[in-house]
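One structure is given below, encoded as structure tokens.
Quick note: residue numbers are just sequence positions, from 1.
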Amino acid sequence: MNDSPGWATPGSSPSDGERPGTDGGAQQPSPSARPAPPAGDPKWSAEQPPPGQWSSPGTTPAAPQAQPQPTTGWGQQPGTPQAGQYGPQNGYPGGPGQWGQPPAAKPGVIPLRPLGLGEILDGAVATMRTHWRAVLPITLVVATVVQVISVIVQKFMLDDLAFATDPNAGPEEIIDSLGSTFAASAVVQLIEFLGTIVVTAMLTMVFSRAVLGQQSSVSDAWRESRPQLLRLIGLTVLMALGAILLGAVLVLPGVLAESVGLALLGCAVWLPLVIWLGIKFTLASPALMLEKSTVLKAFARSSKLVKDTWWRIFGITLLTIVIAFFISAMIVAPFQIISLIAFSGGLDPIEDGSGMTGWGVLIGPAIGLIIAQTIVMPFQSGVTVLLYVDQRIRREGLDLELARAAGLENYGTTGG
């Protein structure tokens with residue numbers, strides 16, 4: 001592994017469920033020097049038990065082991081469990097009945113150990129706050145470009161729709177105006193699609209460096225993400241096409257047969273299947289970017305990492321979507337209300353739709369969307385990247401690789 005955010009390839013990682021340096025047993029402290037029996041006292045045995053070692057009734061005490069030397073890795077204190085060893089047997093702080101997670105090095109925005117929900121969300125927010133000089137320009141520029149184009153297209157589209165509903169318009173004029181509207185809408189969707197991919201690719205590199213405690217710049221993020229952009233586009237297109245094809249196979253027969261029951265049954269099967277596949281492949285994007293892999297390998301890696309933890313990742317992803325929705329709604333709603341009050345011309349134009357085509361009514365919500373997307377996009381991307389890191393720590397011991405990449409050369413070793 002090198003110091004770049006493109007971490008170790010899958011072939012060099014341990015198999016699922018195994019963590020390096022874990023033997024499943026508790027570490028026993030070495031005995032101190034045994035007290036010498038008083039000379040000539042018959043009540044003292046020549047063999048004395050080591051101090052502080054107690055065993056349960058009916059069990060055989062474990063043989064004493066040599067005491068390991070303290071390591072010099074940053075964040076590793078003498079006497080604490082080594083990295084990669086987690087469980088109740090290594091509860092911290094030491095003492096009867098005291099349990100908890102062992103201390104871990106934290107060179108960046110997360111501790112190098114399996115993460116909880118709060119740590120994943122906090123890591124995403126901490127990266128946005130600490131590395132805002134890289135995060136803010138990326139999301140702000142892309143969101144601004146998308147919204148400017150969207151406002152122009154919406155103005156054009158709404159005017160065309162008003163023209164298409166004119167009772168004096170002929171069939172050819174209506175068809176032409178609707179065709180122009182749909183074409184303009186497709187352009188907006190394409191711009192948003194490409195903008196989202198660029199943001200996802202660049203933010204993935206920013207977050208990967210933030211985990212190591214390294215600073216990023218916009219130019220660094222672009223340089224590191226650019227070689228994988230085409231593959232990321234292909235991955236995203238394949239996922240979208242897969243969802244569309246599943247819908248065509250499951251829902252379209254009912255629509256063509258004009259059977260409401262069959263169409264509803266197809267939807268009932270299609271929606272859960274799309275959600276299941278979406279979560280199964282939700283880590284494909286960071287796997288593609290950080291492991292420099294191909295599209296098919298990224299799908300396979302995501303499937304492997306999500307295996308047996310689908311519900312956990314689904315819950316975290318759903319919570320992230322809900323949080324992002326409420327943040328966006330709270331930001332956009334005031335701009336939308338103010339623009340309607342100030343520029344729509346009253347309730348009557350709003351009711352008949354004529355008040356919704358003004359520039360002021362369109363620009364107000366667009367400003368709110370720019371602010372919301374600047375906040376929401378890095379938050380969602382950060383959660384996905386940290387979920388990927390967390391799964392690799394849990395399954396493959398990536399924390400040791402990350403520690404070495406962060407310059408903690410002796411982290412996780414017993415030293416000597």
Kindly indicate, with the supporting measurements, whether the criterion side-chain contact (heavy atoms from CB on, under 4.5 Å) is fulfilled by L387 and T317.
-> CA-CA 9 Å; L387 269 175; T317 303; 4.1 Å; yes
Derivation of the side-chain contact (heavy atoms from CB on, under 4.5 Å) call for T282 and Y388 | CA-CA 9 Å; T282 191; Y388 164 82; over 6 Å; no
What do the steps show when you test L277 against L246 for side-chain contact (heavy atoms from CB on, under 4.5 Å), and what is the final call?
-> CA-CA 11 Å; L277 290 174; L246 280 176; 3.6 Å; yes
side-chain contact (heavy atoms from CB on, under 4.5 Å) between F207 and V383: does it pass, once the steps are laid out?
-> CA-CA 10 Å; F207 275 90; V383 170; over 6 Å; no
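When all heavy atoms of S216 and H131 are compared, the pair lying nearest together is N-ND1, 4.4 Å. Between P378 and L203, the shortest heavy-atom contact is CA-CD1, 3.5 Å. Residues V255 and A263 approach most closely at N-CB, 4.3 Å, considering heavy atoms. The shortest non-hydrogen separation linking T200 to S285 is CG2-OG, 3.6 Å. In terms of heavy-atom proximity, T127 sits nearest to G123 at OG1-O, 2.8 Å. Contact detail for A284 and A298: the closest heavy-atom pair is O-CB, 3.5 Å.
At least one donor-acceptor pair closer than 3.5 Å links the side chain of T309 to the backbone N or O of V306. Between the S302 side chain and the F299 main chain, no donor and acceptor come within less than 3.5 Å of each other. Side-chain atoms of S150 do not come within 3.5 Å of backbone N or O of V146 as any donor-acceptor pair. Panel note: side chain Q228, backbone S293; a donor-acceptor pair is recorded below 3.5 Å. No donor-acceptor pair under 3.5 Å is formed between the side chain of E224 and the backbone N or O of M205. Between the W270 side chain and the A243 main chain, a donor and an acceptor come within less than 3.5 Å of each other. Not a single donor-acceptor pair under 3.5 Å links the side chain of R113 to the backbone N or O of A105.
For the pair E401 and L398, the minimum side-chain heavy-atom distance is below 4.5 Å. By the 4.5 Å heavy-atom criterion applied to side chains, I191 and V153 are not counted as neighbours. Using a 4.5 Å heavy-atom cutoff, the side chains of I393 and P114 are in contact. Here the side chains of T204 and S225 are not in contact, with every heavy-atom distance at 4.5 Å or above. Counting only heavy atoms from C-beta outward, the side chains of L121 and L319 approach each other to under 4.5 Å. Inter-residue side-chain proximity for V198 and M202 is flagged as met; some heavy-atom pair is nearer than 4.5 Å.
One distance of note links CZ of R301 with CZ of F281; it measures 14.0 Å at 0.5 Å rounding. Atom CD1 of I313 is separated from atom CG of D308 by 10.5 Å, given to the nearest 0.5 angstrom. One distance of note links CG of D390 with CG of L305; it measures 10.5 Å at 0.5 Å rounding. The structure places OG of S217 at 6.5 Å from CZ of R223, a figure rounded to the nearest 0.5 Å. Considering OG1 of T196 and CD of E192, their distance stands at 7.0 Å, rounded to 0.5 Å. A distance of 10.5 Å separates CE of M377 from CE of M128, quoted to the nearest 0.5 Å.
The aromatic rings of W310 and F314 sit parallel, their planes meeting at an angle under 30°, below the 60° perpendicular limit.
Judged as a side-chain hydrogen bond (donor to acceptor under 3.5 Å, both in side chains), not a single pair has a partner in residues 368-383 (not counting sequence neighbours). Pairs passing the salt bridge (Lys or Arg N to Asp or Glu O under 4.0 Å) check and including a residue from residues 246-259, sequence neighbours excluded, do not occur.
Using a cutoff of 4.0 Å between basic side-chain nitrogens and carboxylate oxygens, E119 and K106 are not scored as salt-bridged.
Applying the 6.0 Å contact sphere to CG of L190 captures more than 12 heavy atoms from other residues, nucleotides or ligands.
Between V376 and the choices T320, I323, I327, the side-chain contact (heavy atoms from CB on, under 4.5 Å) rule is met once, by I327.
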